[in-house]
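Worksheet: the structure to be examined is printed underneath.
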Amino acid sequence: MNEARIADFLVTQLEGIDKTSTFHAHVQRLPPAHCVLVDRDGARRQRYWSLADEPASSVARSDDEWAEALRDALQAAVRHHLAGHRAGAMVSGGMDSSTLAALAAAELRSTGMGPLRTYSLVDSRSPNSETRAVHAMLRLNGFAPRLLDHASVGAIADATWQHAWQCEEPFDAMMLPLHAPYFAAAADGEEGVLDGVDGDMPFLVGNGLARRLRRGHVLETWRNVQGLARTYPMGPTASQQFLQVVRRAVVPDWARTLRQGWRPSASHSTDETDGIIHPDFAHHVDLPARLDGLDHWTARMPHWSARAEAEEALDHPFLTVGVERYHRVAASHGIQPLHPFLDRHCLGFYLNLPDRQRLQGGWTKAVLRRAMVGRLPELVLRRQDKQHLGWARTQALLQRHHRDVVERLQAQQELLRPYVAPQAIAQALATPLQAAADSDDWALLFNLATLANWLDRQSSPGQTQAKVQRTLAFEN
């Protein structure tokens, strides 16, 4: 077992430390755009493509031309991913999944096929923007919807819960809500499911406002921060955001470098783990060095090139591990997740997107919103909130099976003791049944229970005894 990966699970962001490590010491993942060549001399890994290979574009386009070009690229990607598959689509009510579903439904209509089966999580118990957006989307023509409600019980809910304890990696346990749509899709005879979960990364704003301000677009920058302040009223005011952008734009990089040189070492400490990981285990795997290694994927200086920033975001392991999780969970149901946003030709398109196409008037994904005008409901087009229902569904299942989770953790807690701080285990076991929504205690209880269950499934009796002996050594 690769115990460092257990530390990565306990310190959530470390899931994206690299594109190769697994929970098994002598097994590696194959990174994106790589192949393994095997001949009489052995096996070697080789990269066959990179984002840097994509040519830069010098074509000047208007807003409408950018929108049309993006729509054409996504339509071609959807067509490619639908070819040869019986495929449905996730519809969450957000821009990304709704875009793919609308394009897929249009593609099926054009070939005399359809309707497109869609799978959506909804919550009938209380009004929420996610459910309203889903219903608005599914009122369009061309869909055969399946709505999966939080309050539902039965075969899908039971199967969803059982899959929590059969996950391939501990990271997969928090994907619990996805089992319901994949289970339903498999029952419907689908082979693949279109998913827009990766749609945020291509359109990240990043340092775009400071780049625009450096080019003299003062009024445009002000309008953007005003729009952002309206959308996120609990955040900084427009004036505060504008001052932050000005400060970033006017401070030269040499001054930033000098300032960082004056500061003490930026090395991480184990204080960042919120007391979950066992201090001796953190030392054993050199947790601060792992956190420093994660930082190496991000430049220390602001990007003054939109393309360079896009390359960094799209090449980060966070995107890789996220997509891989979807594939592992879907595979347990015999389903292939389909990600048109990550089509190779679309990736080349994103690299050349100007900052104005990413954020305009305070609207993120400006070019995508323009591209889908007339094809998506206004409620979806103008939506900017992120009221995902995944955690609400997970918590509903946890409350329904509270005793089961606690009993599993009580029975297997000895397996956690080499890795998890004792107070964290005690805190998880004390989680009350009626914990508040979005409670960190619920997440801790579920994470520790699924980790203990996974360790139990991986361990032979001899390995289990060795772990208990190490626990005693730590405590002594």
Side-chain angles (χ1 to χ4, degrees), residues 16 51 54 56-57 59 61-78 90-103 133 194-212 217 220-221 223-225 227-228 231-232 235 241 245 298-299 302-316 318-320 322-323 326 339-373 375-376 380-388:
L51 287 165
E54 291 298 315
S57 173
V59 178
R61 292 185 172 118
S62 66
D63 287 349
D64 288 343
E65 288 170 334
W66 275 111
E68 183 179 0
L70 174 60
R71 187 172 57 249
D72 290 346
L74 287 175
Q75 185 73 67
V78 167
M90 298 283 197
V91 173
S92 70
M95 274 295 303
D96 306 322
S97 66
S98 297
T99 292
L100 298 182
L103 295 176
L194 293 165
D195 201 306
V197 66
D198 45 299
D200 284 338
M201 203 69 78
F203 303 103
L204 291 178
V205 175
N207 200 40
L209 286 177
R211 288 192 291 266
R212 297 296 288 167
H217 300 282
E220 179 186 331
T221 303
R223 287 172 177 164
N224 272 310
V225 296
L228 290 171
T231 303
Y232 307 106
Q241 291 186 63
V245 174
T298 305
H303 283 287
W304 301 111
S305 159
R307 181 187 174 104
E309 189 166 55
E311 282 191 29
E312 179 181 280
L314 293 169
D315 196 43
H316 198 286
F318 283 155
L319 182 57
T320 301
V323 171
Y326 273 73
H339 296 280
F341 276 109
L342 296 185
D343 182 87
R344 175 171 167 176
H345 300 293
C346 290
L347 292 175
F349 181 90
Y350 307 141
L351 293 178
N352 292 304
L353 268 180
D355 289 316
R356 175 181 169 82
Q357 302 305 319
R358 300 172 184 273
L359 179 69
Q360 194 169 2
W363 290 95
T364 57
K365 302 183 182 179
V367 63
L368 183 60
R369 296 177 195 273
R370 282 195 300 272
M372 298 307 293
V373 168
R375 292 168 170 80
L376 295 180
V380 175
L381 277 173
R382 301 189 68 80
R383 186 180 176 198
Q384 287 203 349
D385 69 294
K386 289 285 186 182
Q387 191 181 5
H388 295 306

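Position 1 is the first residue of the sequence; numbering continues from there.
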**OP:** Give a yes or no on whether the backbone of Leu228 and the side-chain of Gln241 come within a donor-acceptor separation of less than 3.5 Å.
**Re:** no
Subject >> Electrostatic pair Arg212:Asp355 at N-O distance under 4.0 angstrom >> reply: no
Original post:
Asp343: what forms a salt bridge (charged side-chain N to carboxylate O under 4.0 Å, His left out) with it, not counting sequence neighbours?
Top reply: none
Original post:
Once you round to the nearest 0.5 Å, how far does NE2 of His339 lie from CG of Asp96?
Top reply: 12.0 Å
Original post:
Residues two or more places apart in sequence or in another chain: which of them pass side-chain hydrogen bond (donor to acceptor under 3.5 Å, both in side chains) with Arg370?
Top reply: Gln357, Gln360
**OP:** Write down the atom of Val380, the atom of Gly94, and the distance for their closest heavy-atom approach.
**Re:** CG1-O, 3.9 Å
**OP:** Search all heavy atoms of Ala306 against all heavy atoms of Leu353 and return the closest pair with its distance.
**Re:** CB-O, 4.1 Å
Original post:
Does the pair Val245 and Asn224 meet the rule for a side chain to side chain contact (heavy atoms under 4.5 Å, CB included), with working shown?
Top reply: CA-CA 11 Å; Val245 174; Asn224 272 310; over 6 Å; no
Original post:
Can you check whether Met372 reaches Lys365 side chain to side chain, under 4.5 Å on heavy atoms?
Top reply: no
Original post:
Do Phe349 and Glu54 touch side chain to side chain, with heavy atoms closer than 4.5 Å?
Top reply: no
Subject >> Straight-line distance of Asp200 CG to Thr364 OG1, nearest 0.5 Å >> reply: 8.0 Å
Subject >> Shortest non-hydrogen contact from Arg369 toward Leu381 >> reply: NH1-O, 2.6 Å
Subject >> Closest non-hydrogen atom pair, Leu51 against Leu347 >> reply: CD2-CB, 4.1 Å
Original post:
If you look at every heavy atom in Ala133 and Gly93, which pair is closest and at what distance?
Top reply: CB-O, 3.4 Å
Subject >> Any Leu103 side-chain heavy atom under 4.5 Å of Leu194 side chain >> reply: no
Subject >> Test item: Tyr350 side-chain N/O and Met201 main-chain N/O as donor-acceptor pair under 3.5 Å >> reply: no
Original post:
Would a distance-only check, ignoring hydrogens and angles, find a side-chain to backbone donor-acceptor pair under 3.5 Å from Arg211 to His303?
Top reply: yes
Original post:
If you measure from CG on Leu376 to OG1 on Thr99, what distance do you get to the nearest 0.5 Å?
Top reply: 5.0 Å
**OP:** State, to 0.1 Å, how close Glu309 and Val205 come at their nearest heavy-atom pair, and which atoms those are.
**Re:** OE1-O, 3.8 Å
Subject >> Donor-acceptor pair, side chain of Glu312 and main chain of Thr298, under 3.5 angstrom >> reply: no
Original post:
Taking atom CZ of Arg61 as the centre, does the number of heavy atoms from other residues, nucleotides or ligands within less than 6.0 Å exceed 12?
Top reply: yes
**OP:** Could you walk me through whether Arg356 and Glu220 pass the side chain to side chain contact (heavy atoms under 4.5 Å, CB included) test, one step at a time?
**Re:** CA-CA 9 Å; Arg356 175 181 169 82; Glu220 179 186 331; 4.2 Å; yes
Original post:
Quick check: does any side chain N or O of Arg358 sit under 3.5 Å from a backbone N or O of Val367, one acting as donor and the other as acceptor?
Top reply: no
